[in-house]
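All ligand and atom numbering here is 1-based and tracks the order in the structure.
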Amino acid sequence: MAQIVQTFSFIRYLVLSVICLCVSQAWSGERYLETLFSPYGQSFEISSIVHEEKSAEWDLLIFDNPVFGRVLAIDGTIQLTEKDEPIYHEMMAHVPLLAHESPRSVLIVGGGDGGLLREVLRHSQVQRVVLVEIDKSVITLSQQFFPALSNHAFEDPRVSLVIQDAAQYMKETQEQFDIILCDVTDPIGPAAALFTKEFYGDCKKRLNVDGILVNQNGVPFLQPEEYSLTKQNRSPHFAYTTYYTVAVPTYVGGNMALGWASDKKYRPTLSALRKRKAQLKGPMKYYTPEIHKASFVLPQFMLEEVYSNAPSGLTQQKPLS
Ligand code: AG3
């Protein structure tokens, strides 16, 4: 009898301990779980919560993590981390700007955190950058909590800030650009309008003849729809549409694709890229001329989409840059 009572109280102790542990985990909120993909996700240890905003517009969390530093998460998706943001921003800026040779005017769609702007401004040939952001709060919050990210880029006299819906801006502006960079969230909610055939058509009208359009295109392994969608919507307007890839650790699920669209066929040589890169001040974390060239080499599953008429088993590909 005594043994039964003892076993019973031990089980009770065990059950209570498990309950306490689960409750304390949920309450302490010490991990952040990204909910972008429901069957699969990443979670982050939170060393401290820096800022939190839950409203009808968004669910925003800024926290610190021991590996990635300060992290910005909006609506269940990691937008950027201090540690790996240079990888994404360098590749989005320098691949088209160095391929172009003499970019003078750049339009950034989104990009309110200022990281991409910082990289674009490293090009001394650039005389004018227009950044169109739908809501000023991304800019203010980033300047407050990630001051090094934009590194005073918004104070540069070459920069004009427009607070407006980018789809509308593209229809109304009369300006022409050498490069358009779409640093936008995935096509869920309001950002969906920035992935349409109509929007890419409007971008085309605002680009000079040798202009280049680059856009954030998700992680093709997990987001095949996003990948096919933009190819389909960009190709009616441009002679060359492809992707190049970049490995950003916190954009999980394989390499991220950046969409490329231009009428001119850009194939800069390694030595040209080396020369042009040497004119940029400061170090790079990820970009090298070799990576630039290699990033246009796509795996089979992406190739089949890019050259949709290509027979499967295609091994020959046509890198653009
Ligand atoms: N915004 C793009 C985040 C995309 C996340 N998507 C994903 N993990 N599939 C980046 C903002 C940096 N300026």
Looking at [X] and [Y], does any basic side-chain N land under 4.0 Å from a carboxylate oxygen?
X	Y	result
E85	R118	yes
E175	R206	no
K171	E198	yes
D178	R104	no

Ligand-protein N/O pairs under 3.5 Å (ligand 1):
from     : atom 1 : to   : atom 2 : distance (Å)
ligand 1 : 1 (N)  : Q79  : OE1    : 3.1
ligand 1 : 6 (N)  : D186 : OD2    : 2.7
ligand 1 : 9 (N)  : Q223 : OE1    : 3.0
ligand 1 : 13 (N) : H89  : NE2    : 2.8
ligand 1 : 13 (N) : D113 : OD1    : 3.3
ligand 1 : 13 (N) : D113 : OD2    : 2.5
ligand 1 : 13 (N) : D183 : OD1    : 3.3
ligand 1 : 13 (N) : D183 : OD2    : 2.7

Aromatic contact, F145 with H51 (centres under 6.0 Å)
yes
When V248, V120, D84, D113 are each screened for side chain to side chain contact (heavy atoms under 4.5 Å, CB included) with H89, the one that passes is D113
